[in-house]
Amino acid sequence: MKTLLAVVFAMLIAQQSAAQNWCPPGAAWTYEWYAFTQTGYADVIYTGDTIVNGLSSQKLVAEKHVYDFLSQSFLDQPLGTYLTTVNGELVSILTQTGFDTLYWFGAGPGDQWSVSRAFDPVQLIVGDTGTVVIQGVPLHFLAVTYQPPYGIQSDTVFERIGSRQVFIDASYTLQIDGPAVGSRCYADQDISFTTGIAPDCNFILGVAETPPPHRIALYPNPISGDGRTTVRIALPFDHQPRGALRSSLVASDGRLIEDRSISDANTELQLSLPLLCPGLYFVRLASANTWLGAAELVVE
């Protein structure tokens, strides 16, 4: 009987220890959301435990909260429910083929695992490890690189917090034009962590509520549909050169026509456009994680 009690006690201690590195009570994540004609944030909330395939699992409910520039309205839309399970220092997420590795907090330099996404998996490689203390709580971290087909992306993965750059569902980040572009905030019953991407965790930039801090102008505008392929973008007067800018061209029905990096300039830059059918388009401009604004472009 004593042996049985000792085993049960050891199992409870192990479960409590495992719970501390992922989904402690009150765990909630907030991510930056930047997609087509929408800007805002996505949150992921730990809502409790359940049993999946005989494993104790954590239920994470995700939703995006955005301002849509086409409809000029604020939208709250569900992204789905994610299920994770913890086995010591290994955190797995439920995919179509079963539980797959999400984070391996016990990994060391040179270790690697595959990160699931909608298409082919992405390889994650650990470069270094360490410990950081956040509000009195020591958290183990991994310095890693993701190696998707279109280029290497560096990141840091923390216990509890997870990835700094990649959404919990990597399909929303590790793809070209992925809408989830980094972590804003994390909080649970013990700590509150922010990356400083946005003024606050639940910030939404919407022209109906808060004017954009920067504005851009296009000229000529309208442009003719007979073959003109360049327009100039007048940058905000308070914009300082920051290297590469990201320009997105979106049709009025929300289709992404083009997304590219373009060279910065002091006050204006030139944007080469593909041949466009007559209609209304939107040009969006961003610098790193800074939203610079959007402007309508009319093609006659």
Quiz prompt | same_hphob_cluster(Val91, Ile125) at 4.5 Å side-chain heavy-atom cutoff | solution = no
Practice problem: Give a yes or no on whether the backbone of His140 and the side-chain of Glu159 come within a donor-acceptor separation of less than 3.5 Å. | Solution: yes
Quiz prompt | CG on Asp200 to OG1 on Thr30, rounded to 0.5 Å | solution = 9.5 Å
Quiz item: Which pair of non-hydrogen atoms, one from Gln72 and one from Tyr67, has the smallest distance, and what is that distance?
Solution: CA-OH, 3.2 Å
Quiz prompt | Under 3.5 Å side-chain donor-acceptor pair for Asp100 and Ser116 | solution = yes
Exercise. Identify whether Val126 and Phe141 are in the same connected component of the hydrophobic contact network (ILVMFWY, side-chain heavy atoms under 4.5 Å).
Key: yes
Quiz item: What orientation do Phe167 and Tyr172 show, parallel under 30°, tilted 30 to 60°, or perpendicular over 60°?
Solution: perpendicular
Exercise. Report the distance from atom CG of Leu102 to atom OG1 of Thr84, rounding to the nearest 0.5 Å.
Key: 7.5 Å
Practice problem: Following the transitive rule for hydrophobic clusters with a side-chain heavy-atom cut-off under 4.5 Å over Ile, Leu, Val, Met, Phe, Trp and Tyr, establish whether Leu90 and Val157 coincide in one cluster. | Solution: yes
Practice problem: Please report the shortest heavy-atom distance between Pro24 and Asp188, naming the atom on each side. | Solution: CG-OD2, 3.2 Å
Practice problem: Enter the distance from Phe203:CZ to Thr39:OG1 here, rounded to the nearest 0.5 Å. | Solution: 8.0 Å
Quiz item: Can you tell me if Asp190 uses its side chain to pair, donor with acceptor, with the backbone of Gly136 under 3.5 Å?
Solution: no
Quiz item: Phe99 and Ser57: which non-hydrogen atoms are nearest, and at how many Å?
Solution: CZ-OG, 3.6 Å
Quiz item: Hey, quick one: are Leu142 and Val132 part of the same hydrophobic cluster, counting side-chain heavy atoms closer than 4.5 Å, chains of contacts allowed?
Solution: yes
Quiz item: Taking atom OG1 of Thr47 and atom CG of Leu60, what is their separation to the nearest 0.5 Å?
Solution: 7.0 Å
Quiz item: Got a second to check how far Gln58's CD is from Thr50's OG1, nearest 0.5 Å?
Solution: 10.5 Å
Exercise. Could you tell me whether a side-chain N or O of Thr194 sits under 3.5 Å from a main-chain N or O of Arg184, the two making a donor and an acceptor?
Key: yes
Quiz item: Leu79 and Ala42: which non-hydrogen atoms are nearest, and at how many Å?
Solution: CD1-CB, 3.9 Å
Quiz item: Out of Trp29, Tyr46, Phe158, Tyr31, which residue meets the ring pair (Phe, Tyr, Trp, His ring centres under 6.0 Å) rule with Tyr186?
Solution: Trp29
Exercise. Any chance you could measure Leu124, atom CG, to Thr101, atom OG1, to the nearest 0.5 Å?
Key: 10.0 Å
Quiz prompt | Side-chain touch Pro109/Thr129, heavy atoms, less than 4.5 angstrom | solution = yes
Self-check item: Residues Arg160, Ile134; criterion side-chain contact (heavy atoms from CB on, under 4.5 Å); working and verdict
Solution: CA-CA 11 Å; Arg160 299 196 187 199; Ile134 297 179; over 6 Å; no
Exercise. May I ask you to decide if Gln165's main-chain N or O and Asp155's side chain share a donor-acceptor pair within less than 3.5 Å?
Key: yes
Quiz item: Distance-only, no hydrogens or angles: does the Thr85 side chain make a donor-acceptor pair with backbone N or O of Ser92 under 3.5 Å?
Solution: no
Quiz item: Counting only N and O atoms by type, is there a donor-acceptor contact under 3.5 Å from the side chain of Asp169 to the main-chain atoms of Ser171?
Solution: yes
Self-check item: Val122 vs Val166 side-chain heavy atoms within contact, under 4.5 Å
Solution: no
Quiz item: Between Gln112 (side chain) and Gln123 (backbone), is there a donor-acceptor pair under 3.5 Å?
Solution: no
Exercise. Apply side-chain contact (heavy atoms from CB on, under 4.5 Å) to the pair Cys185 and Tyr41, showing each step before the final yes or no.
Key: CA-CA 10 Å; Cys185 305; Tyr41 68 94; over 6 Å; no
Quiz prompt | Pair Ser56-Asp49, side-chain donor/acceptor within less than 3.5 Å | solution = no
Exercise. Verify whether one side chain among His65 and Asn202 offers a donor that lies under 3.5 Å from an acceptor in the other.
Key: no
Quiz item: Is Val86 reachable from Leu55 through a run of hydrophobic residues whose side-chain heavy atoms are each under 4.5 Å from the next?
Solution: no
